[in-house]
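Read the structure below first, then the notes.
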There are 2 protein chains.
Amino acid sequence: MDLPPATAAFVLHFGEMGSRWGINRTVGQIYALLFLSDRPLNADDIVASLGFSRSNVSMGLKELETWRLVRLQHLPGDRREHFSTPEDVWQIVRILAEERRKREIDPTLTLLRDVLLQKPSTEAERHAQGRMHNLHDVISLLTGWANDVQGLPDERLIALLKMGGRVAKVLEATDRFQQIVTGKGRRRGKADAAPRRSAENEKKKDA
Amino acid sequence: MDLPPATAAFVLHFGEMGSRWGINRTVGQIYALLFLSDRPLNADDIVASLGFSRSNVSMGLKELETWRLVRLQHLPGDRREHFSTPEDVWQIVRILAEERRKREIDPTLTLLRDVLLQKPSTEAERHAQGRMHNLHDVISLLTGWANDVQGLPDERLIALLKMGGRVAKVLEATDRFQQIVTGKGRRRGKADAAPRRSAENEKKKDA
DNA sequence: CAGTATGTTCAGTAATTTCTGAAAATTCAA
DNA sequence: TTGAATTTTCAGAAATTACTGAACATACTG
């Protein structure tokens, strides 16, 4: 590995970060390297830079492809496969969000919904279902939001994020405005994700 | 492990999910169990339910404490330590977000800022720095937003999330309104995180 | 077609992480 | 104090995951 110090530091850091998430260190480093590179790299370039075995690099690139995080391309006059990351960081964020939703969130919501169809037979089960119901609502609200803003063009997404919590003020104002104009309250969305307290605040038994 | 089927399914699922993130399967299962329980559990309860060794449970609870995800409490007339999760799922989400920021995002931003202070000496380094700069801006915009909405009370956060992308419409309207009223454009925030294309679109060399 | 360059697979090994039991430490009550 | 109840620590075992080299597969080139 004979990289400029800044690149090396970044690559090592993302290797570590990767291993805190599902992605292993090798794959994290490969991605970091591709991300910083000013040209598409082939497998041997990566072997030369990071010192992993050829087969390890091959498998790492395969995994990155399943995440849709790298693009395979062929340079003119070169038979080897070259890889690059999207140029736009927002694009990377969008892809990551989609893949994580597909792999982690959706199966979780499915499980929760399945389980919630069953009739609880004891008090403890009833309580557990209430908890799962809460969790389901929170997760679907969060991912629904994410899904929704995914649809926005970069410019508008950025503007929205910059507003941060101040949006709440605007919302409030709009709300009041609508109330004044229409004479009624704002309509509610379908799923209210405020914490259900149904089975929650029972007296703690057992001592 | 002699849990009701719904609870067992949930516990196993969160064990798997946990291991896709930094958290190991055991710890994930312990947390899932506590989350569903209608009363605080002690270490032996957990051993009985999940069948791990006592020491493993002890370490798992330690780890959950460092994440601030469980609360230690003593029941009257019982010397043993009992553990429970926050009742409010939003509270759990907030804690998770804070801890992940502290452990993963902040160190990453620090690294990026440090590296960006160095003067690039080659063209490739200059390009790499441009990429890191983009990434820094995106990450800080996203976490800034998260930080910001963390400050909102549950009710308002929920309302904001429900609005989803429609907020963009409101923003746009507000924007136009301000332009009309003040006669100028909306002021920009300090850091514009739109992708910098500076070093990006060079001709690809090397073939 | 033969030969070469490139990419993939996979069985075995290495490294890492997780888990356990036994011992030590701590806490509390008498 | 002593001793019982409880929790923690930690060295080693077990399990899992990551990595490698060599063999195999594929695709081009002349």
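Predicted, not measured: the structure shown is a model, and the values here were computed from it.
For an aromatic pair to be called close, the ring centres must be under 6.0 Å apart, and A:W145 with B:W145 satisfies this.
Atom NE2 in A:H74 sits about 8 Å away from atom P in D:dC28, given to the nearest Å. Atom pair B:L50:CG and C:dT20:C1' shows a separation of 16 Å (rounding to whole Å applied). Taking atom CD on A:Q73 and atom P on C:dG7, their separation rounds to 14 Å, with Å as the unit. Put simply, CD on B:E81 is 14 Å from P on C:dT26, counting in whole angstrom units. Taking atom CG on A:N42 and atom C1' on C:dT6, their separation rounds to 10 Å, with Å as the unit. The NZ atom of A:K62 sits 12 Å away from the C1' atom of C:dT6 (whole-angstrom rounding). The distance from atom CD of A:E63 to atom C1' of C:dG7 is 18 Å, rounded to the nearest whole Å. Distance, A:L41 CG to C:dG7 P: 13 Å, rounded to whole Å.
Remark: A:R156 fails to qualify as a cation-pi partner of A:W90 under the 6.0 Å distance and 45° angle criteria applied to the six-membered ring. Geometrically, B:R100 does not engage B:W67 in a cation-pi contact defined by less than 6.0 Å to the ring centre and at most 45° from the axis.
A close approach under 4.0 Å does occur between a side-chain nitrogen or oxygen of A:R80 and OP1 or OP2 of C:dT6.
Nearest to the side chain of B:A43, among D:dA4, C:dT9, D:dT7, sits D:dT7.
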Legend entry - Base versus backbone protein contacts along nucleotides 17-23 of chain D [heavy-atom cut-off under 4.0 Å; B, S, -]: -SSBB--

Name every donor-acceptor pair, under 3.5 Å, that has one atom in a side chain of residues 6-19 of chain B and the other anywhere in the protein, sequence neighbours excluded.
unit_1: B:H13; atom_1: NE2; unit_2: A:T108; atom_2: OG1; d: 2.8
unit_1: B:S19; atom_1: OG; unit_2: B:E16; atom_2: O; d: 2.8

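Residues passing the ring-ring contact (aromatic ring centres under 6.0 Å, His included) test with B:F83, sequence neighbours excluded: none.
Side-chain contact check for A:R131 and B:T85: at least one donor-acceptor pair (N or O, by modelled atom type) lies under 3.5 Å.
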